[in-house]
Amino acid sequence: MSTFKDQLETKLIHASSSEDIEQRTGAVNVPIYLSSTFHQASFDHYGPFDYSRSGNPTRQALEQTIAELEGGTRGLAFASGMAAISSAFMLLSASDHVIVSEDVYGGTFRFVTKVLSKFNIDHTFVNMTELAEIEKAIQPNTKVIYIETPSNPCLEITDIESVVKIAKANNCLTFLDNTFMTPLYQNPIDLGVDVVLHSATKFLSGHSDIIAGLAVTKDEELGNRLAFIQNSFGAILGTYDSYLLIQGIKTLGTRLRQSTDSATKIANYLSEHPLIEDVYYPGLPSHPGHDIHVKQSSGAGAVLSFKLPDKETTKIFVEHLRLPKFAVSLGAVESILSYPAQMSHAAMPKEEREKRGITDGLLRLSVGLEHVDDLIVDIEQALHSASN
Ligand SMILES: *Cc1c(COP(=O)(O)O)cnc(C)c1O
């Protein structure tokens with residue numbers, strides 16, 4: 001064990017280096033081990049790998065990487081963020097109850113309401129910024145409190161430590177979706193969270209190329225239980241994608257810091273523009289969750305939302321923008337603009353949507369790595385067209 005305490009940026013590069021695996025060749029990249037099965041050299045002593053659903057050396061390098069980055073003991077890689085999230089929910093049993101953040105990611109909302117409910121696992125959605133609401137929702141069979149902070153698309157902030165305290169006092173586990181912050185900015189395990197989850201499709205891989213999910217636990221026994229589910233349910237990340245994700249993670253530090261700088265400039269620019277009614281970005285001191293965010297996270301991230309007056313203006317604005325891709329998803333090298341009312345929250349009745357602040361004029365921007373001046377010039381000309 002090394003006595004040096006490396007910064008996260010250093011770990012991003014070196015956590016996956018597999019001297020133990022690659023002693024023979026010295027390859028600086030983890031090899032892609034395309035092997036479903038592994039020869040057992042001895043009749044009664046088997047090696048560390050037997051079958052790639054249960055364990056694959058490339059995937060293992062990735063799993064050890066995310067465990068190290070999050071400060072956990074066990075990392076697990078899944079076929080998608082939703083596979084990681086739903087596998088974590090499989091830690092529950094019939095007749096358990098979960099408390100979930102009401103502005104949780106749409107796929108998580110769908111899994112909790114349409115799938116978990118079939119197994120007699122009940123749920124209550126609460127506004128996680130109101131701690132009293134969480135306490136009120138606790139039942140004798142509540143087993144998990146599920147947090148997403150910042151949330152999507154209005155970037156509301158949950159006080160992680162306070163929720164963990166409520167959970168511990170009531171013998172519940174806490175799960176936290178850390179997709180927007182990544183271990184670069186937010187370390188939920190240090191704050192007492194039990195299971196950290198990621199859609200690694202977003203910032204961790206960073207190039208809009210793969211779909212992947214990760215989970216990390218601090219407690220070894222909990223990690224073993226989740227690994228058992230990973231192997232039993234079988235929604236593992238493939239070997240090629242494990243390799244691509246390892247490569248993506250290496251540049252996370254530089255990518256996310258630059259995108260955060262640009263997002264801050266764009267948020268400030270939009271706040272000053274007369275056509276923009278509201279800007280949601282935890283880096284703005286005017287954001288209602290700003291103080292809590294600064295306390296628990298070291299960066300504001302690269303995602304912001306803003307509100308235009310109505311659908312017509314929004315349509316003209318989007319049609320005039322040149323640089324951002326108009327698409328779902330986020331966290332990539334290219335800027336991505338999405339329209340929650342017709343994309344992520346299309347299935348939600350208009351009234352429910354608007355209650356959550358998702359109006360027909362709300363847009364979400366994930367800021368990429370283009371030059372920020374080019375992005376602002378582009379936004380400016382599109383806003384100019386929309387103003388006329
Ligand atoms: C995209 C996303 C997910 C789902 O991940 P997939 O990789 O698409 O399955 C979960 N949570 C958040 C916050 C996301 O942005």
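Each residue takes its place number in the sequence, starting with 1. One-based numbering, in listed order, for ligands and for the atoms of each. Everything numeric here is computed off the predicted structure, so don't read it as measured data.
- Between Lys202 and ligand 1, an N or O atom pair is found at a separation short of 3.5 Å.
- Using modelled atom types and a 3.5 Å distance limit, the side chains of Glu334 and Ser208 yield a donor-acceptor pair.
- No part of Asn152 comes within 4.0 Å of ligand 1, judged by heavy-atom distances.
- For atom 11 (N) of ligand 1, the nearest non-hydrogen atom from the set Thr179, Thr201, Ile210, Asp177 comes from Asp177.
- Applying the 4.0 Å criterion to heavy atoms of Ser80 picks out, from ligand 1, the atoms 7 (O), 9 (O).
- Cluster annotation: Leu321 and Met343 are assigned to the same hydrophobic cluster (Ile/Leu/Val/Met/Phe/Trp/Tyr, side-chain heavy-atom contacts under 4.5 Å, transitive).
- Interface atoms of ligand 1 facing Met82, defined by a heavy-atom separation under 4.0 Å, are 5 (O), 6 (P), 9 (O).
- In terms of N/O distances under 3.5 Å, ligand 1 is not approached by Thr108.
- The shortest N or O to N or O distance between Leu330 and ligand 1 is not below 3.5 Å.
- For atom 8 (O) of ligand 1, the nearest non-hydrogen atom of the protein is Tyr105 OH, 3.9 Å.
- Between Leu383 and Leu270 the shortest side-chain heavy-atom distance falls below 4.5 Å.
- Those atoms of ligand 1 that come under 4.0 Å of a heavy atom in Ala212, given as number and element, are 7 (O).
- Lys165 has no carboxylate O lying under 4.0 Å from a charged side-chain N of Glu161, or vice versa, which leaves the two without a salt bridge.
- Close contacts of ligand 1 with Ile85, meaning ligand atoms under 4.0 Å from a residue heavy atom, involve 10 (C).
- Remark: Asp360 does not engage Lys311 in a salt bridge, criterion side-chain N to carboxylate O under 4.0 Å.
- Looking at Arg364 and Ser338, their side chains do bring a donor and an acceptor atom within 3.5 Å of each other.
- If you check the side chains of Thr142 and His97, you find a donor sitting under 3.5 Å from an acceptor.
- No chain of hydrophobic side-chain contacts below 4.5 Å, direct or via other Ile, Leu, Val, Met, Phe, Trp or Tyr residues, connects Leu365 to Ile316.
- Looking only at heavy atoms of the protein, atom 5 (O) of ligand 1 is closest to Ser199 OG, 2.9 Å.
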